[in-house]
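For ligands, and for the atoms within them, numbers begin at 1 and follow the listed sequence. If you're wondering where the values come from, they're calculated on a predicted model, not measured in any experiment.
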Amino acid sequence: MQRKQIFKLGFCSVFLVGLLTFFMLDMQNLLVFRKPKGSIQLSKTESDSESIKNETLSNQDQKILRHLLLTQEYPWEPNATEVLQYRAKLRECCNASFHLVLTKQNTRLGSNITCDGENATVPVKADLISLLPERSPFLDYRYRNCAVVGNGGILRDSCCGEEIDQADLVIRFNMPSMNFPEDVGTKTSLVTINPSILMERYQWLENRRKPFAEALRSYGDSLFLLPAFSFKSGEELAYRALYTMEDFGLLRQAFYLNPQYLSNLSSYWKKKGFQPERLSSGFFFVNVALEFCQHITLYGFWPFSLDLDDQPIPHHYYDNKFPKEGVHKMHTEFSHYLHMYSQDVLRLRLGNCQ
Ligand SMILES: *[C@@H]1O[C@H](CO)[C@@H](O)[C@H](O)[C@H]1NC(C)=O
Ligand SMILES: *[C@@H]1O[C@H](CO)[C@@H](O)[C@H](O)[C@H]1NC(C)=O
Ligand SMILES: *[C@@H]1O[C@H](CO)[C@@H](O)[C@H](O)[C@H]1NC(C)=O
Ligand SMILES: *[C@@H]1O[C@H](CO)[C@@H](O)[C@H](O)[C@H]1NC(C)=O
Ligand SMILES: *[C@@H]1O[C@H](CO)[C@@H](O)[C@H](O)[C@H]1NC(C)=O
Ligand SMILES: *[C@@H]1O[C@H](CO)[C@@H](O)[C@H](O)[C@H]1NC(C)=O
């Protein structure tokens, strides 16, 4: 019974807290973030912008994108004033340094954890407390250069690996393949692990657990972040994952994402008019980076099935598996990134890095 429940959760949580799932086919999700200020005609000569599936982007977004593509090769510097403003607001609402992960400091024995994916609570027992670190590893986290690496097919043959490895902090999602070092680099500082991966790739950790531990080792001394308490039924698998890590000497690197942080961040964006069923992990961690980093570059964020030259690209840089249903609004998230780029708050890397 329990297992069946978790299985159901599996299907949801593939999309829930997680994956960088780019929904190219989800055309009704094409909400426009900002009303276009004016109608911009794309002339035939501007072939770069013509090649974008422009029915999915507002005119304003197309204009930003065109600018972005024209400036890809130039050095980019963030606007410090704008970055500070984002950081101040996000610290006020969400405070990732302290609240991003569950710690003994922010999780009290006998209290309840409120799930962010459903109206449910998980009681905080001694078993759970014993798995938590004393304090957040992110207190006083300050980075100059951060790379947030989405899993989009646009990264394939991008030659961005060297550039990504130069960042001080490299964030990746859902245990992605590291078999493309030239395109995605080798360095990882933070990597998320969705329940769906544990269920599908590692058979719920019910059989051999060594393949999971070995896969984790390919991320070196990266921290592992598990969005484990978004749903009550994820509890059992969450314990199993950390017990496995403990057995293989990896507990020091393992952390549960704090559902309270996730729901505060969702409320923050809801107040700004953006309210998808779930924010994607990519979007969550761009917001985390905004609190931690001075100079943010996004790679592999491109929610379209064609690349800049109109060539079909796989869904992920390592496979072409599509999500089964969509709760995220990847196009709207992309529109937010474009907006942030237009304010010089972050840089979006598209196409080739060399
Ligand atoms: C893109 O938009 C322009 C005008 O907004 C239109 O003329 C053109 O046909 C569109 N291109 C595609 C590929 O949809
Ligand atoms: C940075 O952003 C602020 C606020 O939007 C703006 O007034 C300022 O001109 C920008 N600075 C640069 C160098 O673009
Ligand atoms: C984050 O939360 C902790 C604990 O409540 C607090 O000490 C710290 O000052 C907060 N940081 C910010 C930037 O609000
Ligand atoms: C979430 O927001 C509430 C209300 O603003 C605040 O009291 C709480 O500390 C925040 N929690 C986290 C984890 O940021
Ligand atoms: C935690 O939740 C349980 C069950 O919903 C409830 O009985 C208990 O009073 C709650 N504890 C606290 C500290 O809120
Ligand atoms: C959540 O569930 C509790 C009882 O299980 C109920 O009293 C409460 O109204 C629910 N809240 C929402 C927002 O659905």
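A salt bridge does not link Lys329 with Glu277: none of the charged nitrogens is closer than 4.0 Å to a carboxylate oxygen.
For Arg201 (side chain) and Met175 (main-chain N/O), a donor-acceptor pair under 3.5 Å exists by modelled atom type.
The six-membered or imidazole ring of Tyr261 lies away from that of Phe284, with a centre-to-centre distance of 6.0 Å or more. A distance of 6.0 Å or more separates the ring centres of Phe292 and Tyr143. Between Phe334 and Phe301, the ring center distance fails the sub-6.0 Å criterion.
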Would you mind listing each N/O atom of ligand 3 next to any protein N/O under 3.5 Å, plus the distance?
residue  : atom   : partner : partner atom : Å
ligand 3 : 2 (O)  : Asn95   : ND2          : 2.2
ligand 3 : 11 (N) : Asn95   : ND2          : 3.0

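Sulfur-sulfur distance for Cys159 and Cys353: not below 2.5 Å, with no disulfide indicated.
The atoms of ligand 5 that sit less than 4.0 Å from any heavy atom of Gly110 are 13 (C). With ligand atoms numbered from 1 in the order given, ligand 5 contributes 1 (C), 2 (O), 3 (C), 8 (C), 10 (C), 11 (N), 12 (C), 14 (O) to contacts under 4.0 Å with heavy atoms of Asn112.
Residues forming a side chain to side chain donor-acceptor pair (under 3.5 Å) with His295 (at least two apart in sequence, or on another chain): Asn145.
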